Amino acid sequence: MGKNKCGRCIGCESDHVHEECGLFGVFGHPEAATLTYLGLYALQHRGQEGAGIVSFDEGHLRAHRGVGLVSDVFKPHRLAGITGGHAVGHVRYSTFGTSILKNVQPLVVDYARGAMALAHNGNLVNAHVLREHLEAEGAIFHSTTDSEVILHLIARSKKGRFVDCVVDALGQVAGAYCILATNGFEIVAARDPHGFRPLWLGRKGDAHVFASESCGLDIIDAEWEREVAPGEVIVATDSGIESLRPFQSVVSQKCIFEFVYLARPDSFLFGRSVDEVRKQLGRNLARLAPVDADLVMAVPDSSNPAALGYAHESGIPFEMGFIRNHYVGRTFIEPDERIRDFGVKIKLNPTRSVIKGKRIVLIDDSIVRGTTSRKIIKTLRNFGAKEIHFRVSSPPIINCCYYGIDTPHREKLIASSRSVEEIRAFLGVDSLVYQSIEGLVDATGSPAEEFCLACFNDRYPTLIPEDFQGGQVGRRHVDTSTEPYEKLGVRS
Ligand code: SF4
(Lines give C-alpha, C1' and ligand atoms only; values in the text may rest on other atoms or scores of the structure.)
Protein backbone atom coordinates (compact mmCIF):
# COMPACT_ATOMS: atom_id res chain seq x y z
CA MET A 1 0.00 0.00 0.00
CA GLY A 2 1.05 3.55 -0.59
CA LYS A 3 3.75 2.37 -2.93
CA ASN A 4 3.36 4.14 -6.20
CA LYS A 5 3.45 7.55 -7.71
CA CYS A 6 -0.18 7.52 -8.71
CA GLY A 7 -1.10 8.34 -5.16
CA ARG A 8 -4.22 6.25 -5.28
CA CYS A 9 -3.25 3.12 -3.43
CA ILE A 10 -3.47 4.26 0.16
CA GLY A 11 -6.39 2.77 1.96
CA CYS A 12 -7.61 0.85 -1.04
CA GLU A 13 -6.69 -2.28 -2.92
CA SER A 14 -3.92 -1.42 -5.34
CA ASP A 15 -5.63 -0.13 -8.46
CA HIS A 16 -2.99 0.92 -10.89
CA VAL A 17 -0.26 -0.69 -12.85
CA HIS A 18 3.08 -0.25 -11.16
CA GLU A 19 6.42 0.76 -12.46
CA GLU A 20 9.08 -1.79 -12.91
CA CYS A 21 12.59 -0.69 -11.94
CA GLY A 22 15.09 2.05 -12.63
CA LEU A 23 18.78 1.79 -13.49
CA PHE A 24 21.57 4.27 -13.12
CA GLY A 25 25.31 3.86 -13.62
CA VAL A 26 28.44 6.00 -13.79
CA PHE A 27 31.80 4.97 -15.19
CA GLY A 28 34.87 7.10 -14.54
CA HIS A 29 33.94 9.81 -12.04
CA PRO A 30 35.40 10.30 -8.53
CA GLU A 31 31.91 10.95 -7.17
CA ALA A 32 30.30 8.02 -8.98
CA ALA A 33 28.19 6.86 -6.02
CA THR A 34 26.89 10.35 -5.21
CA LEU A 35 25.94 10.91 -8.84
CA THR A 36 24.22 7.53 -8.84
CA TYR A 37 22.34 8.45 -5.68
CA LEU A 38 21.06 11.61 -7.38
CA GLY A 39 20.18 9.66 -10.51
CA LEU A 40 18.19 7.16 -8.49
CA TYR A 41 16.37 10.05 -6.85
CA ALA A 42 15.21 11.18 -10.28
CA LEU A 43 14.15 7.62 -11.11
CA GLN A 44 12.32 7.01 -7.84
CA HIS A 45 8.97 6.84 -9.66
CA ARG A 46 10.15 3.60 -11.32
CA GLY A 47 10.39 1.75 -8.02
CA GLN A 48 9.84 2.60 -4.38
CA GLU A 49 10.34 -0.71 -2.61
CA GLY A 50 14.11 -0.88 -2.51
CA ALA A 51 17.26 0.89 -3.62
CA GLY A 52 20.92 0.02 -3.88
CA ILE A 53 24.27 1.27 -5.12
CA VAL A 54 27.40 -0.78 -5.75
CA SER A 55 30.77 0.74 -6.50
CA PHE A 56 34.23 -0.62 -7.06
CA ASP A 57 37.23 1.10 -5.50
CA GLU A 58 40.59 -0.26 -6.63
CA GLY A 59 39.12 -3.71 -7.02
CA HIS A 60 37.19 -3.66 -3.74
CA LEU A 61 33.45 -3.80 -3.93
CA ARG A 62 31.44 -1.32 -1.85
CA ALA A 63 27.71 -1.74 -1.63
CA HIS A 64 24.70 -0.57 0.25
CA ARG A 65 21.17 -1.73 -0.38
CA GLY A 66 17.99 -1.38 1.58
CA VAL A 67 14.23 -1.60 1.52
CA GLY A 68 12.42 1.69 1.01
CA LEU A 69 12.83 4.95 -0.82
CA VAL A 70 16.22 6.24 -1.93
CA SER A 71 16.07 8.88 0.81
CA ASP A 72 15.34 6.19 3.41
CA VAL A 73 18.07 3.83 2.29
CA PHE A 74 20.95 6.26 1.81
CA LYS A 75 22.07 8.42 4.70
CA PRO A 76 25.25 10.55 4.38
CA HIS A 77 27.48 8.08 6.25
CA ARG A 78 26.25 5.24 4.03
CA LEU A 79 26.92 7.15 0.85
CA ALA A 80 30.38 8.23 2.05
CA GLY A 81 31.37 4.58 2.29
CA ILE A 82 30.56 3.79 -1.33
CA THR A 83 33.79 5.04 -2.83
CA GLY A 84 35.33 4.53 -6.24
CA GLY A 85 35.07 5.75 -9.77
CA HIS A 86 32.46 3.34 -11.09
CA ALA A 87 29.01 2.71 -9.66
CA VAL A 88 25.71 1.11 -10.62
CA GLY A 89 22.44 1.69 -8.84
CA HIS A 90 18.90 0.39 -8.90
CA VAL A 91 15.46 1.28 -7.62
CA ARG A 92 13.10 -1.61 -7.38
CA TYR A 93 9.48 -2.40 -7.65
CA SER A 94 8.99 -6.10 -7.21
CA THR A 95 7.43 -7.40 -10.40
CA PHE A 96 8.97 -10.80 -9.75
CA GLY A 97 10.09 -12.13 -6.42
CA THR A 98 9.04 -10.47 -3.22
CA SER A 99 10.27 -7.23 -1.80
CA ILE A 100 12.62 -8.62 0.81
CA LEU A 101 16.11 -7.25 1.22
CA LYS A 102 17.88 -10.13 -0.50
CA ASN A 103 15.97 -9.24 -3.68
CA VAL A 104 17.01 -5.59 -3.63
CA GLN A 105 19.43 -4.82 -6.42
CA PRO A 106 22.12 -4.46 -7.62
CA LEU A 107 22.71 -8.13 -6.93
CA VAL A 108 26.30 -8.83 -5.94
CA VAL A 109 28.24 -12.08 -6.13
CA ASP A 110 31.76 -13.40 -5.80
CA TYR A 111 32.64 -15.93 -8.43
CA ALA A 112 35.68 -17.57 -9.94
CA ARG A 113 36.82 -14.40 -11.69
CA GLY A 114 36.22 -11.96 -8.84
CA ALA A 115 33.17 -9.95 -7.88
CA MET A 116 30.39 -8.64 -10.05
CA ALA A 117 27.17 -6.71 -9.64
CA LEU A 118 24.03 -6.65 -11.73
CA ALA A 119 21.05 -4.30 -11.94
CA HIS A 120 18.09 -5.38 -14.08
CA ASN A 121 14.94 -3.65 -15.29
CA GLY A 122 12.35 -5.86 -16.94
CA ASN A 123 11.03 -9.36 -16.64
CA LEU A 124 12.42 -12.57 -18.10
CA VAL A 125 9.72 -14.89 -19.34
CA ASN A 126 11.94 -17.98 -19.29
CA ALA A 127 13.69 -17.34 -15.96
CA HIS A 128 11.93 -20.20 -14.20
CA VAL A 129 12.94 -22.66 -16.90
CA LEU A 130 16.54 -21.52 -16.70
CA ARG A 131 16.50 -21.58 -12.92
CA GLU A 132 15.20 -25.14 -12.83
CA HIS A 133 18.02 -26.24 -15.12
CA LEU A 134 20.62 -24.39 -13.08
CA GLU A 135 19.35 -25.73 -9.78
CA ALA A 136 19.28 -29.24 -11.19
CA GLU A 137 22.97 -28.79 -11.91
CA GLY A 138 23.67 -27.67 -8.35
CA ALA A 139 23.38 -23.89 -8.53
CA ILE A 140 22.29 -22.22 -5.30
CA PHE A 141 20.13 -19.12 -5.54
CA HIS A 142 20.09 -16.44 -2.89
CA SER A 143 17.09 -14.45 -4.09
CA THR A 144 13.75 -15.12 -5.72
CA THR A 145 14.28 -12.62 -8.54
CA ASP A 146 14.50 -13.56 -12.17
CA SER A 147 17.57 -11.31 -12.39
CA GLU A 148 19.75 -13.74 -10.44
CA VAL A 149 19.50 -16.18 -13.32
CA ILE A 150 21.51 -13.74 -15.43
CA LEU A 151 24.27 -13.64 -12.80
CA HIS A 152 24.53 -17.44 -12.79
CA LEU A 153 24.71 -17.54 -16.56
CA ILE A 154 27.45 -14.90 -16.61
CA ALA A 155 29.43 -16.77 -13.96
CA ARG A 156 29.17 -20.05 -15.86
CA SER A 157 30.15 -18.61 -19.21
CA LYS A 158 33.39 -19.89 -20.69
CA LYS A 159 33.94 -16.77 -22.78
CA GLY A 160 36.98 -14.59 -22.29
CA ARG A 161 36.09 -10.95 -21.70
CA PHE A 162 33.50 -9.94 -19.12
CA VAL A 163 31.35 -8.32 -21.80
CA ASP A 164 31.41 -11.54 -23.82
CA CYS A 165 30.26 -13.50 -20.77
CA VAL A 166 27.40 -11.03 -20.34
CA VAL A 167 26.43 -11.39 -24.00
CA ASP A 168 26.65 -15.17 -23.66
CA ALA A 169 24.24 -15.02 -20.71
CA LEU A 170 21.81 -12.64 -22.36
CA GLY A 171 21.70 -14.86 -25.42
CA GLN A 172 19.96 -17.47 -23.26
CA VAL A 173 17.25 -15.31 -21.70
CA ALA A 174 13.98 -14.18 -23.20
CA GLY A 175 11.66 -11.35 -22.35
CA ALA A 176 12.35 -7.80 -21.29
CA TYR A 177 15.61 -6.55 -19.91
CA CYS A 178 17.78 -3.54 -19.59
CA ILE A 179 20.81 -4.33 -17.49
CA LEU A 180 23.88 -2.72 -16.03
CA ALA A 181 26.56 -5.24 -15.07
CA THR A 182 29.99 -4.48 -13.68
CA ASN A 183 33.07 -6.36 -12.54
CA GLY A 184 34.73 -3.21 -11.28
CA PHE A 185 36.76 -2.65 -14.43
CA GLU A 186 33.97 -2.08 -16.89
CA ILE A 187 30.26 -1.42 -16.95
CA VAL A 188 28.23 -3.36 -19.48
CA ALA A 189 24.86 -1.87 -20.43
CA ALA A 190 22.42 -3.87 -22.53
CA ARG A 191 18.89 -3.55 -23.85
CA ASP A 192 16.97 -6.57 -25.08
CA PRO A 193 16.42 -6.97 -28.84
CA HIS A 194 12.74 -5.99 -28.56
CA GLY A 195 13.68 -2.86 -26.62
CA PHE A 196 10.75 -3.11 -24.20
CA ARG A 197 12.30 -0.80 -21.60
CA PRO A 198 14.18 2.44 -22.14
CA LEU A 199 17.87 3.06 -21.42
CA TRP A 200 19.95 6.18 -21.99
CA LEU A 201 23.63 6.81 -22.48
CA GLY A 202 24.94 10.17 -21.30
CA ARG A 203 28.16 11.91 -20.52
CA LYS A 204 29.35 14.05 -17.66
CA GLY A 205 32.78 15.41 -18.43
CA ASP A 206 34.89 12.33 -19.11
CA ALA A 207 32.48 10.01 -17.31
CA HIS A 208 29.96 7.78 -19.07
CA VAL A 209 26.50 7.67 -17.56
CA PHE A 210 23.60 5.25 -18.02
CA ALA A 211 20.04 5.96 -16.92
CA SER A 212 16.63 4.41 -17.50
CA GLU A 213 15.21 7.81 -18.36
CA SER A 214 16.67 11.09 -19.48
CA CYS A 215 15.42 12.82 -16.30
CA GLY A 216 18.14 10.83 -14.53
CA LEU A 217 20.77 12.48 -16.72
CA ASP A 218 19.28 15.92 -16.19
CA ILE A 219 19.56 15.82 -12.42
CA ILE A 220 23.36 15.51 -12.60
CA ASP A 221 23.72 17.89 -15.58
CA ALA A 222 24.92 15.06 -17.79
CA GLU A 223 24.70 15.53 -21.54
CA TRP A 224 22.27 13.33 -23.41
CA GLU A 225 24.27 11.26 -25.85
CA ARG A 226 21.65 8.84 -27.16
CA GLU A 227 19.29 6.06 -26.24
CA VAL A 228 20.81 2.60 -26.12
CA ALA A 229 19.33 0.83 -29.16
CA PRO A 230 17.24 -2.34 -28.89
CA GLY A 231 19.63 -5.28 -28.93
CA GLU A 232 22.66 -3.08 -28.32
CA VAL A 233 25.33 -3.87 -25.76
CA ILE A 234 27.58 -1.01 -24.67
CA VAL A 235 30.72 -1.56 -22.67
CA ALA A 236 32.36 1.35 -20.85
CA THR A 237 36.03 0.90 -19.99
CA ASP A 238 39.04 3.13 -19.38
CA SER A 239 39.52 3.04 -23.16
CA GLY A 240 36.09 4.54 -23.82
CA ILE A 241 32.79 3.22 -25.14
CA GLU A 242 32.39 0.17 -27.33
CA SER A 243 29.07 -0.67 -28.97
CA LEU A 244 28.19 -4.25 -29.89
CA ARG A 245 25.22 -5.71 -31.75
CA PRO A 246 25.56 -9.37 -30.85
CA PHE A 247 21.93 -10.48 -31.17
CA GLN A 248 19.79 -11.30 -34.14
CA SER A 249 17.65 -8.24 -34.77
CA VAL A 250 13.89 -8.45 -34.33
CA VAL A 251 11.15 -5.90 -34.76
CA SER A 252 11.32 -3.53 -31.80
CA GLN A 253 8.48 -3.79 -29.31
CA LYS A 254 8.85 -0.79 -27.06
CA CYS A 255 6.42 -0.62 -24.17
CA ILE A 256 3.81 1.95 -25.12
CA PHE A 257 2.69 2.15 -21.51
CA GLU A 258 5.90 4.03 -20.73
CA PHE A 259 4.32 6.92 -22.62
CA VAL A 260 0.88 6.52 -21.06
CA TYR A 261 1.86 6.41 -17.42
CA LEU A 262 5.19 4.91 -16.40
CA ALA A 263 7.84 7.41 -17.45
CA ARG A 264 8.22 10.88 -16.02
CA PRO A 265 6.71 13.53 -18.30
CA ASP A 266 9.98 15.50 -18.34
CA SER A 267 11.74 12.48 -19.81
CA PHE A 268 12.44 11.85 -23.44
CA LEU A 269 12.28 8.24 -24.56
CA PHE A 270 11.84 6.14 -27.68
CA GLY A 271 12.63 9.31 -29.59
CA ARG A 272 9.80 11.42 -28.15
CA SER A 273 9.05 13.77 -25.28
CA VAL A 274 6.76 11.97 -22.84
CA ASP A 275 4.98 15.23 -22.05
CA GLU A 276 4.29 15.89 -25.74
CA VAL A 277 2.95 12.39 -26.29
CA ARG A 278 0.64 12.67 -23.28
CA LYS A 279 -0.68 16.05 -24.45
CA GLN A 280 -1.31 14.56 -27.89
CA LEU A 281 -3.16 11.68 -26.24
CA GLY A 282 -5.45 14.30 -24.70
CA ARG A 283 -5.92 16.09 -28.02
CA ASN A 284 -6.74 12.81 -29.77
CA LEU A 285 -9.21 11.97 -27.04
CA ALA A 286 -10.92 15.34 -27.41
CA ARG A 287 -11.37 14.71 -31.14
CA LEU A 288 -12.61 11.19 -30.51
CA ALA A 289 -15.00 12.04 -27.70
CA PRO A 290 -16.07 15.70 -27.58
CA VAL A 291 -18.58 16.73 -24.95
CA ASP A 292 -20.29 19.90 -23.80
CA ALA A 293 -18.80 20.71 -20.39
CA ASP A 294 -17.67 23.53 -18.08
CA LEU A 295 -14.18 22.32 -17.25
CA VAL A 296 -11.53 19.69 -17.88
CA MET A 297 -9.68 18.26 -14.91
CA ALA A 298 -7.15 15.48 -14.35
CA VAL A 299 -6.64 12.78 -11.81
CA PRO A 300 -3.20 14.12 -10.85
CA ASP A 301 -0.31 13.88 -11.43
CA SER A 302 0.28 11.53 -14.34
CA SER A 303 -2.89 12.57 -16.18
CA ASN A 304 -2.18 16.30 -16.10
CA PRO A 305 -0.59 16.54 -19.57
CA ALA A 306 -3.43 14.57 -21.22
CA ALA A 307 -6.00 16.80 -19.52
CA LEU A 308 -4.16 19.88 -20.79
CA GLY A 309 -4.18 18.40 -24.29
CA TYR A 310 -7.90 17.72 -24.08
CA ALA A 311 -8.53 21.26 -22.84
CA HIS A 312 -6.44 22.84 -25.63
CA GLU A 313 -8.16 20.83 -28.33
CA SER A 314 -11.70 21.26 -27.00
CA GLY A 315 -11.44 24.87 -25.88
CA ILE A 316 -12.88 23.89 -22.49
CA PRO A 317 -10.90 25.44 -19.62
CA PHE A 318 -8.52 23.26 -17.62
CA GLU A 319 -8.99 23.45 -13.86
CA MET A 320 -7.14 21.94 -10.94
CA GLY A 321 -10.12 20.09 -9.58
CA PHE A 322 -8.07 17.79 -7.36
CA ILE A 323 -5.30 18.76 -5.00
CA ARG A 324 -2.86 16.01 -4.36
CA ASN A 325 -1.18 15.67 -0.98
CA HIS A 326 2.46 14.94 -1.79
CA TYR A 327 3.47 14.43 1.81
CA VAL A 328 1.88 11.09 2.56
CA GLY A 329 4.87 8.83 3.04
CA ARG A 330 5.33 5.11 3.33
CA THR A 331 4.91 5.28 7.08
CA PHE A 332 1.29 6.30 6.71
CA ILE A 333 -0.75 4.30 9.21
CA GLU A 334 -3.68 2.63 7.58
CA PRO A 335 -6.87 3.31 9.47
CA ASP A 336 -9.21 0.74 10.86
CA GLU A 337 -11.67 -0.89 8.45
CA ARG A 338 -14.50 1.22 9.85
CA ILE A 339 -13.00 4.46 8.54
CA ARG A 340 -10.82 3.11 5.76
CA ASP A 341 -13.16 4.16 3.01
CA PHE A 342 -11.80 7.67 3.12
CA GLY A 343 -8.86 6.01 1.26
CA VAL A 344 -8.57 8.10 -1.88
CA LYS A 345 -9.11 11.38 -0.04
CA ILE A 346 -5.90 11.10 1.94
CA LYS A 347 -4.05 11.88 -1.28
CA LEU A 348 -6.63 13.48 -3.54
CA ASN A 349 -9.06 16.10 -2.34
CA PRO A 350 -11.41 17.99 -4.66
CA THR A 351 -11.51 21.78 -4.67
CA ARG A 352 -15.14 22.38 -3.76
CA SER A 353 -15.40 25.77 -5.47
CA VAL A 354 -14.15 24.27 -8.74
CA ILE A 355 -16.41 21.22 -8.68
CA LYS A 356 -19.79 22.33 -7.33
CA GLY A 357 -22.52 22.53 -9.94
CA LYS A 358 -20.11 21.92 -12.85
CA ARG A 359 -20.21 19.64 -15.86
CA ILE A 360 -16.82 17.99 -15.68
CA VAL A 361 -14.59 16.20 -18.17
CA LEU A 362 -12.44 13.99 -15.95
CA ILE A 363 -9.23 12.67 -17.54
CA ASP A 364 -7.32 9.66 -16.26
CA ASP A 365 -4.51 7.77 -17.98
CA SER A 366 -5.93 4.29 -17.41
CA ILE A 367 -8.45 2.18 -15.54
CA VAL A 368 -7.20 -1.03 -14.01
CA ARG A 369 -9.67 -2.58 -11.57
CA GLY A 370 -11.97 0.43 -11.55
CA THR A 371 -12.36 0.46 -7.79
CA THR A 372 -10.35 3.61 -7.20
CA SER A 373 -11.90 5.41 -10.18
CA ARG A 374 -15.29 4.67 -8.67
CA LYS A 375 -14.25 6.20 -5.34
CA ILE A 376 -12.84 9.27 -7.09
CA ILE A 377 -16.10 9.74 -8.97
CA LYS A 378 -18.16 9.25 -5.84
CA THR A 379 -16.08 11.94 -4.17
CA LEU A 380 -16.71 14.34 -7.04
CA ARG A 381 -20.46 13.65 -6.81
CA ASN A 382 -20.34 14.31 -3.07
CA PHE A 383 -18.67 17.64 -3.77
CA GLY A 384 -21.52 18.66 -6.04
CA ALA A 385 -20.39 17.76 -9.57
CA LYS A 386 -23.40 18.12 -11.88
CA GLU A 387 -22.17 15.86 -14.69
CA ILE A 388 -19.04 13.71 -14.97
CA HIS A 389 -17.78 12.68 -18.39
CA PHE A 390 -14.89 10.28 -17.92
CA ARG A 391 -12.25 10.19 -20.64
CA VAL A 392 -9.37 7.73 -20.46
CA SER A 393 -6.20 8.53 -22.37
CA SER A 394 -5.34 4.88 -23.03
CA PRO A 395 -7.47 2.03 -24.44
CA PRO A 396 -9.08 -0.56 -22.16
CA ILE A 397 -6.48 -2.77 -20.43
CA ILE A 398 -7.65 -6.27 -21.23
CA ASN A 399 -4.67 -8.37 -20.28
CA CYS A 400 -1.60 -8.64 -18.08
CA CYS A 401 1.95 -7.56 -18.73
CA TYR A 402 4.72 -10.15 -18.72
CA TYR A 403 7.50 -7.70 -19.48
CA GLY A 404 8.16 -5.97 -16.20
CA ILE A 405 5.03 -4.02 -15.38
CA ASP A 406 3.02 -5.16 -12.40
CA THR A 407 -0.59 -5.57 -13.43
CA PRO A 408 -3.30 -7.44 -11.52
CA HIS A 409 -4.47 -10.83 -12.66
CA ARG A 410 -6.50 -10.71 -15.84
CA GLU A 411 -9.76 -11.41 -14.08
CA LYS A 412 -9.18 -8.35 -11.86
CA LEU A 413 -8.89 -6.05 -14.87
CA ILE A 414 -12.30 -4.48 -15.24
CA ALA A 415 -12.08 -4.21 -19.03
CA SER A 416 -11.18 -7.88 -19.46
CA SER A 417 -14.75 -8.96 -18.86
CA ARG A 418 -17.03 -5.90 -18.96
CA SER A 419 -18.24 -3.74 -21.81
CA VAL A 420 -17.61 0.01 -21.81
CA GLU A 421 -21.27 0.57 -20.95
CA GLU A 422 -21.01 -1.85 -18.02
CA ILE A 423 -17.90 -0.06 -16.80
CA ARG A 424 -19.65 3.31 -17.16
CA ALA A 425 -22.52 2.06 -15.02
CA PHE A 426 -20.11 0.59 -12.44
CA LEU A 427 -18.21 3.87 -12.17
CA GLY A 428 -21.34 5.97 -12.02
CA VAL A 429 -20.41 8.51 -14.69
CA ASP A 430 -22.60 10.21 -17.27
CA SER A 431 -20.39 9.10 -20.15
CA LEU A 432 -17.21 7.07 -20.56
CA VAL A 433 -14.90 6.98 -23.57
CA TYR A 434 -11.52 5.30 -23.83
CA GLN A 435 -8.73 6.26 -26.20
CA SER A 436 -8.63 4.14 -29.34
CA ILE A 437 -5.56 2.05 -30.08
CA GLU A 438 -5.13 4.13 -33.24
CA GLY A 439 -5.24 7.34 -31.19
CA LEU A 440 -2.71 5.93 -28.76
CA VAL A 441 -0.25 4.97 -31.46
CA ASP A 442 -0.82 8.22 -33.38
CA ALA A 443 0.22 10.25 -30.33
CA THR A 444 3.64 8.59 -30.34
CA GLY A 445 4.39 9.67 -33.91
CA SER A 446 5.73 6.18 -34.66
CA PRO A 447 4.20 3.17 -36.41
CA ALA A 448 2.25 0.64 -34.36
CA GLU A 449 4.65 -2.12 -35.40
CA GLU A 450 7.35 -0.58 -33.19
CA PHE A 451 5.37 -0.99 -29.99
CA CYS A 452 4.25 -3.66 -27.62
CA LEU A 453 0.52 -3.14 -27.15
CA ALA A 454 -0.17 -6.52 -25.60
CA CYS A 455 -2.07 -5.34 -22.53
CA PHE A 456 -4.42 -3.52 -24.91
CA ASN A 457 -4.64 -5.90 -27.86
CA ASP A 458 -3.62 -9.27 -26.42
CA ARG A 459 -0.87 -9.76 -28.98
CA TYR A 460 2.26 -10.70 -27.05
CA PRO A 461 5.47 -10.20 -28.99
CA THR A 462 7.14 -13.22 -27.38
CA LEU A 463 5.79 -16.57 -26.45
CA ILE A 464 4.80 -16.77 -22.80
CA PRO A 465 5.41 -20.20 -21.27
CA GLU A 466 2.21 -21.77 -19.99
CA ASP A 467 3.84 -22.34 -16.61
CA PHE A 468 5.23 -18.81 -16.35
CA GLN A 469 5.58 -18.06 -12.64
CA GLY A 470 5.07 -14.34 -12.73
CA GLY A 471 1.82 -14.85 -10.91
CA GLN A 472 -0.26 -13.83 -13.88
CA VAL A 473 -2.56 -15.81 -16.05
CA GLY A 474 -3.60 -14.74 -19.49
CA ARG A 475 -4.07 -15.94 -23.00
CA ARG A 476 -0.94 -16.37 -25.04
CA HIS A 477 -0.24 -15.06 -28.46
CA VAL A 478 2.69 -16.17 -30.53
CA ASP A 479 4.13 -13.68 -32.95
CA THR A 480 5.95 -15.91 -35.38
CA SER A 481 8.29 -13.11 -36.41
CA THR A 482 10.13 -13.56 -33.10
CA GLU A 483 12.20 -16.36 -31.71
CA PRO A 484 10.58 -19.73 -30.98
CA TYR A 485 10.42 -20.75 -27.38
CA GLU A 486 12.47 -23.88 -27.97
CA LYS A 487 15.48 -21.63 -28.42
CA LEU A 488 14.95 -19.91 -25.12
CA GLY A 489 15.96 -22.60 -22.65
CA VAL A 490 19.38 -23.21 -21.18
CA ARG A 491 21.98 -24.57 -23.54
CA SER A 492 22.91 -28.14 -23.08
FE1 SF4 B 1 4.00 -2.33 -21.86
FE2 SF4 B 1 1.55 -3.42 -21.87
FE3 SF4 B 1 3.48 -4.45 -23.41
FE4 SF4 B 1 3.63 -4.69 -20.77
S5 SF4 B 1 2.06 -5.62 -22.14
S6 SF4 B 1 5.30 -4.14 -22.15
S7 SF4 B 1 2.72 -2.73 -20.07
S8 SF4 B 1 2.54 -2.37 -23.58
Side-chain angles (χ1 to χ4, degrees), residues 4-6 14-22 45-47 93-96 120-125 146 173-178 191-199 212-213 230 250-263 267 269-270 272 274 277-278 281 302 365-369 392-410 412-416 434-444 446-465 468 470-479 481-482:
N4 71 348
K5 71 172 180 174
C6 72
S14 178
D15 191 20
H16 216 277
V17 300
H18 293 278
E19 303 80 359
E20 60 291 10
C21 296
H45 60 288
R46 297 185 75 86
Y93 180 79
S94 54
T95 56
F96 195 83
H120 168 215
N121 170 203
N123 211 19
L124 307 179
V125 296
D146 55 342
V173 302
Y177 62 80
C178 283
R191 192 169 163 210
D192 72 73
H194 290 100
F196 286 102
R197 305 277 147 237
L199 187 61
S212 289
E213 292 181 33
V250 295
V251 179
S252 73
Q253 293 288 309
K254 296 166 279 193
C255 171
I256 207 160
F257 220 94
E258 293 276 356
F259 281 131
V260 172
Y261 168 73
L262 301 169
S267 282
L269 54 89
F270 307 153
R272 286 295 306 274
V274 176
V277 171
R278 288 189 189 159
L281 285 170
S302 53
D365 48 66
S366 53
I367 303 176
V368 180
R369 300 169 197 255
V392 187
S393 65
S394 63
I397 300 173
I398 59 169
N399 219 333
C400 313
C401 177
Y402 299 93
Y403 306 118
I405 304 302
D406 187 37
T407 45
H409 287 245
R410 177 186 167 90
K412 298 269 176 67
L413 297 167
I414 191 167
S416 71
Y434 284 89
Q435 182 75 265
S436 65
I437 287 186
E438 294 74 22
L440 171 61
V441 172
D442 173 82
T444 70
S446 298
E449 295 70 36
E450 291 187 7
F451 291 104
C452 175
L453 292 150
C455 50
F456 302 118
N457 69 4
D458 209 16
R459 292 181 60 82
Y460 291 93
T462 68
L463 192 87
I464 309 297
F468 180 63
Q472 300 158 323
V473 179
R475 282 187 287 140
R476 279 76 163 138
H477 166 81
V478 184
D479 181 339
S481 68
T482 58

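Owing to the predicted nature of the structure, the values given are computational and were not obtained by experimental measurement. In each ligand, atom 1 is the first atom listed, and ligand 1 is the first ligand listed.
Side-chain atoms of Tyr402 and Thr462 include no donor-acceptor pair closer than 3.5 Å.
Numbered from 1 in the order shown, with element, the atoms of ligand 1 that lie under 4.0 Å from a heavy atom of Cys455 read 2 (Fe), 5 (S), 7 (S), 8 (S). If you number the atoms of ligand 1 from 1 as listed, the ones under 4.0 Å from a heavy atom of Cys255 come out as 1 (Fe), 6 (S), 7 (S), 8 (S). For ligand 1, the atoms closer than 4.0 angstrom to any heavy atom of Phe257 are 1 (Fe), 7 (S).
Remark: side-chain polar atoms of Arg369 are not paired, donor with acceptor, to backbone N or O of Ile414 under 3.5 angstrom. With hydrogens and angles ignored, the 3.5 Å screen pairs a side-chain donor or acceptor of Ser394 with a backbone N or O of Asp365.
With values rounded to the nearest 0.5 angstrom, Arg272 atom CZ is found 11.5 Å from Lys254 atom NZ. With rounding to the nearest 0.5 Å, the separation of CZ in Arg410 from SG in Cys400 is 7.5 Å.
Of the options Glu258, Gln253, Arg197, the smallest heavy-atom separation from atom 6 (S) of ligand 1 is shown by Arg197.
Shortest contact from atom 3 (Fe) of ligand 1 to any protein heavy atom: Cys452 SG, 2.3 Å.
Among the backbone and side-chain atoms of Cys401, an N/O/S atom is found under 2.8 Å from atom 4 (Fe) of ligand 1.
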